[in-house]
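Labels below follow one simple rule: chain letters A, B, ... track the order of the sequence lines, proteins then strands, and each chain is numbered from 1. Below, all heavy atoms of this structure are taken into account, side chains as well, without hydrogens, waters or symmetry copies.
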Amino acid sequence: MSVAFKIKEVTAAAIHQLYGIDLQPNDVLVNATKPEFEGDYTVVLFAFIKQLKKSPDALGQELGSYIVAQHPELFTAYNVIKGFLNLTIGDAYWLSFIQTQFTNEHFGEAAFNGTKVMVEYSSPNTNKPLHLGHLRNNFLGRSIAEILKANGNEVAKTCIVNDRGIHICKSMIAWQMFGNGATPESTHTKGDHFVGDYYVKFNDEYKRQVEELKAQGKLDEEAEKSAPIMKATQQMLLDWEAGKPEVMELWRNMNSWVYAGFDSTYKRIGSDFDKTYYESNTYLLGKDLVETGLEKGVFYQKADGSVWIDLTSDGLDEKLVRRKDGTSVYITQDIGLAEQKQKEFNAKQSIYVVGDEQNYHFKVLKLICQKLGLPSADGIYHLSYGMVELPTGKMKSREGTVVDADDLVEEMVNIARQKTEELGKVKDFTAEELEELYDTIGLGALKFFLLRVDPKKKMVFNPEESIDFHGFTGPFIQYTHARIKSILRKSGVGSLELGVITEAQTLFPLEKELSIHLEMFPSVLQDAADEHDPSKVAIYIFNLAKTFNSFYTEHSIGNAENEEKKTLRLQLSQLTAQVIKTGMNVLGIRVPERM
RNA sequence: GGACCGGUAGCUCAGCUGGAUAGAGCACAAACCUUCUAAGUUUGGGGUCAUUGGUUCGAAUCCAAUCCGGUUCACCA
């Protein structure tokens, strides 16, 4: 349990004892004490003064003296300023904390709690390669899965591949028209890029045909509808649904190229899945649930045969769940898939990592599942994240303003290579070790950049300015880790064989500050899981690294004033490195031993 | 038009269950490597927290209105 929470408990208990008022620990507001005041943690008293009819100062004095007297093992002093009760934690507490945790490689992680959670993420279309937006999705999904694991959950990662539909047929048609039998192998192109190029070709040709028809005097809408290439694409979708052999073969071929491309990108960025669903297998799911819904009176049928649900009483609209031709729509498939996943995994919570433009969709999905009384309903959680935008606005594939995932990863790794070479600190590394280091740093910079921002918020990426390697960045934290490891190596101690601190000693401010930061780690991990927000971890780790670097600059570790101090500082360093490693790992970022 | 999200330093972002003088990083100006990794540290300048009103001991945070930006409300997925 964290000290901050203990203070809440102790304060609530004290108020109960002294004034007979029952409080929950979380009714007590506890903050870190501002640096300009004496103390470590501050209890904010204003909330209680009305109820207790006491002046803030009197209440603070009474509470402070009571709490300190009751818990001498924890507190050594208090002071009251205005309505703030500042408490000082004794050095003995921090020393004991460091002493008991510095060898704990799982510090911060919770014990297995038996809860099953599903995380669905990535979910690409097979008509074009991954871009920066997908990277945010993949990093978020992977990270939230790791954060949940660290909090004791059993996590299953899933992916739904959107491998069918009109957009896939567009690439297929364009390949038939312009491909001349080319393949990724024959053109030495990565499969997903190869197929994506035909998607672009489709759009170019389509635009050309529309212009041509308009020049012949047709109206916009008519031209768009009657363009031969669009008609051919629509026919192809019908042929696909009918299972026409040559269309199926082309479809399988093109998808296999895309999958090969995706696989190599996934491998590089560290995305993996316990189970992959393909929409071509799941798009018919949910049909039986439409019948169920009709029987239960949750859905209703219109005169033309289409089936709807009326959500106006929930403040939403009417929503179609089955077309008049009897085919199902997106939401119906999703309901069906939710049920299928529920049957397969029986998870308590099912997290969907999907962009915020689908907020409405997931609201509706959950609502419909609840109205149908499905077991999956209450576990549905939409982890909604904002778009990654360019300074000029949204990325648009049609306007060529998309930041390609593979290109960006490559660029980041190249920058890492260049900077590492300039600094020249790892000249003795083998070629393989160097490549691994460049990957670690380049991808670390990229992942940290995308994860350090609150997922809910949209964010801006400027391709003109490369992602930084200084300050609030992945490499800064990786560097701090490598630096600590270097110190530990030079001090000639193995990780588990540091001495015992026996004497009570006085902590310097930065030693204490570092201890306080370290002690917060478990509650930060828990908070990140509760909020589904990896940025909490990113921000925390950054502040920890910054605190360590100040501590490092101020105090010598290997040549400390005496053996006691040396032992303490080595233990502090060791635990800091451990927390950085665990924290970065849940973000999906590796930390090097040297850089 | 309805619903939802956002607007904090030149830029990118924290802070939002109301609490002490609103914080980081980048950029800018300067200082610090014969001793543990300078991808570092320290210092400085930089703010009408979109606007207006309200709630109260106290508002960047809550409420209302307004302005600006975004998303969504498809027999697309």
- Message: Between the base of B:A39 and the side chain of A:Thr480, is one N or O donor paired with an acceptor at under 3.5 angstrom?
- Response: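 No.
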
All N/O pairs under 3.5 Å across the protein-nucleotides 26-34 of chain B interface:
none

- Show your working on side-chain hydrogen bond (donor to acceptor under 3.5 Å, both in side chains) between A:Tyr206 and A:Glu224 and close with a plain yes or no. CA-CA 8 Å; A:Tyr206 176 55; A:Glu224 282 166 17; 4.8 Å; no

- Query: What are the two closest heavy atoms between A:Thr473 and A:Asp468, and how far apart are they?
  - Reply: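 Result for this residue pair: CG2-O, 3.4 Å.
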
Just checking [X]: base, sugar-phosphate only, or nothing, at a heavy-atom cut-off of under 4.0 Å?
| X | result |
| --- | --- |
| A:Val460 | sugar-phosphate |
| A:Lys425 | base |
| A:Tyr552 | base |
| A:Phe37 | base |
| A:Asn86 | base |
| A:Thr42 | base |
| A:Ile539 | sugar-phosphate |
| A:His481 | nothing |
| A:Phe476 | sugar-phosphate |
| A:Ser550 | sugar-phosphate |
| A:Glu593 | base |

If only side-chain N and O atoms of [X] are considered, is one of them under 4.0 Å from the OP1 or OP2 phosphate oxygen of [N]?
| X | N | result |
| --- | --- | --- |
| A:Lys419 | B:A39 | no |
| A:Lys82 | B:G19 | no |
| A:Arg452 | B:U12 | no |

If you measure from the [atom1] atom in [N] to the same atom in [M], how many Å do you get, rounded?
| N | M | atom1 | value |
| --- | --- | --- | --- |
| B:U61 | B:G7 | P | 11 Å |
| B:G25 | B:U41 | P | 8 Å |
| B:C16 | B:G23 | P | 14 Å |
| B:A39 | B:C26 | C1' | 14 Å |
| B:A9 | B:A22 | C1' | 11 Å |
| B:U8 | B:A60 | P | 15 Å |
| B:G10 | B:G45 | P | 15 Å |
| B:C33 | B:U48 | C1' | 44 Å |

- Item | Earlier contact from the 5' end, RNA chain B, for A:Leu85 and A:Ser486 |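 Going by which nucleotide is closer to the 5' end, it is A:Leu85.
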
- Item | Residue mapping more 5' on RNA chain B - nearest nucleotide basis, A:Asn26 or A:Ala32 |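 This one resolves to A:Asn26.
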
Side chain of [X]: nearest nucleotide among [options]?
| X | options | answer |
| --- | --- | --- |
| A:Lys50 | B:U56, B:G19, B:A39 | B:U56 |
| A:Asn559 | B:U37, B:A14, B:U35 | B:U35 |
| A:Arg489 | B:A24, B:G19, B:U37 | B:U37 |
| A:Ile441 | B:A39, B:G19, B:A14 | B:A39 |
| A:Thr420 | B:A39, B:U21, B:C13 | B:A39 |
| A:Lys457 | B:G40, B:A14, B:A39 | B:A14 |
| A:Asp454 | B:C36, B:A14, B:U41 | B:A14 |
| A:Lys363 | B:C4, B:A20, B:U41 | B:C4 |

In the strands shown, is [N] matched to any nucleotide by a Watson-Crick or G-U wobble pair with both distances under 3.5 Å, and which?
| N | answer |
| --- | --- |
| B:A29 | B:U43 |
| B:A38 | none |
| B:A64 | B:U52 |

- Message: Treating primed atoms plus P, OP1 and OP2 as sugar-phosphate and everything else as base, which nucleotides of nucleotides 67-77 of chain B get B, S or - for protein heavy atoms under 4.0 Å?
- Response: ---SSSS-BSB

- Item | Aromatic plane relationship, A:His134 with A:His131 - under 30° parallel, 30 to 60° tilted, over 60° perpendicular |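 The arrangement is tilted - the two ring planes meet at 30° to 60°.
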
- Parallel, tilted or perpendicular: rings of A:Trp240 and A:Tyr283 (30°, 60°):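 Tilted.
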
- Taking the chi torsion of B:C16, is it syn (within 90° of 0) or anti (everything else)?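 In terms of base orientation relative to the sugar, B:C16 is anti.
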
- Take A:Lys170 and A:Asn127 through the side-chain contact (heavy atoms from CB on, under 4.5 Å) test and state the conclusion after the steps. CA-CA 8 Å; A:Lys170 288 178 181 175; A:Asn127 64 330; over 6 Å; no

- Message: Given the ring of A:Phe542, does A:Arg452 sit roughly above its face, with NZ or CZ under 6.0 Å from the centre of the six-membered ring and within 45° of the axis?
- Response: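 Here A:Arg452 fails the 6.0 Å and 45° test against A:Phe542.
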
- Distance under 6.0 Å and angle within 45° of ring axis: A:Arg594 vs A:Phe429: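 Here A:Arg594 fails the 6.0 Å and 45° test against A:Phe429.
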
- Do we see A:Phe46 stacking on the base of B:G19, given a limit of 5.5 Å between centres and 30° between planes?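 The ring of A:Phe46 is stacked on B:G19.
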
- Item | Whether A:Phe542 stacks on the six-membered ring of B:A24 base, 5.5 Å and 30° limits |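 No.
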
Separation of [N] [atom2] from [X] [atom1] (nearest whole Å):
| X | N | atom1 | atom2 | value |
| --- | --- | --- | --- | --- |
| A:Ile580 | B:A39 | CD1 | P | 16 Å |
| A:Gln418 | B:A39 | CD | C1' | 13 Å |
| A:Ile541 | B:A39 | CD1 | P | 21 Å |
| A:Arg136 | B:U12 | CZ | P | 14 Å |

- Inspect the contact between A:Glu513 and A:Lys546 and indicate whether a charged nitrogen and a carboxylate oxygen are less than 4.0 angstrom apart.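 No, A:Lys546 and A:Glu513 are not salt-bridged.
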
- Passes side-chain contact (heavy atoms from CB on, under 4.5 Å), A:His361 versus A:Tyr330? Steps please. CA-CA 9 Å; A:His361 171 77; A:Tyr330 179 41; 3.3 Å; yes

- Item | Partner of A:Met412 under side chain to side chain contact (heavy atoms under 4.5 Å, CB included), chosen from A:Phe449, A:Phe469, A:Tyr438 |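 When A:Phe449, A:Phe469, A:Tyr438 are each tested with A:Met412, the side chain to side chain contact (heavy atoms under 4.5 Å, CB included) holds only for A:Phe469.
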
- Query: Any salt bridge (charged side-chain N to carboxylate O under 4.0 Å, His left out) pairs touching residues 323-332 of chain A, not counting sequence neighbours?
  - Reply: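 Output for this query is empty, none listed.
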
- Task: Answer whether the closest heavy-atom distance between the side chains of A:Ile309 and A:Lys371 falls below 4.5 Å.
- Result: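 Yes - at least one pair of side-chain heavy atoms lies under 4.5 Å apart.
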
- Query: Is there a side-chain contact between A:Val195 and A:Thr126 (heavy atoms, below 4.5 Å)?
  - Reply: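 Sidechains of A:Thr126 and A:Val195: no contact.
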
- Message: With a 6.0 Å cut-off (strictly less than), is the heavy-atom count around NZ of A:Lys302, excluding the residue itself, greater than 12?
- Response: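 Yes, NZ of A:Lys302 has more than 12 neighbouring heavy atoms, counting only those of other groups under 6.0 Å.
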
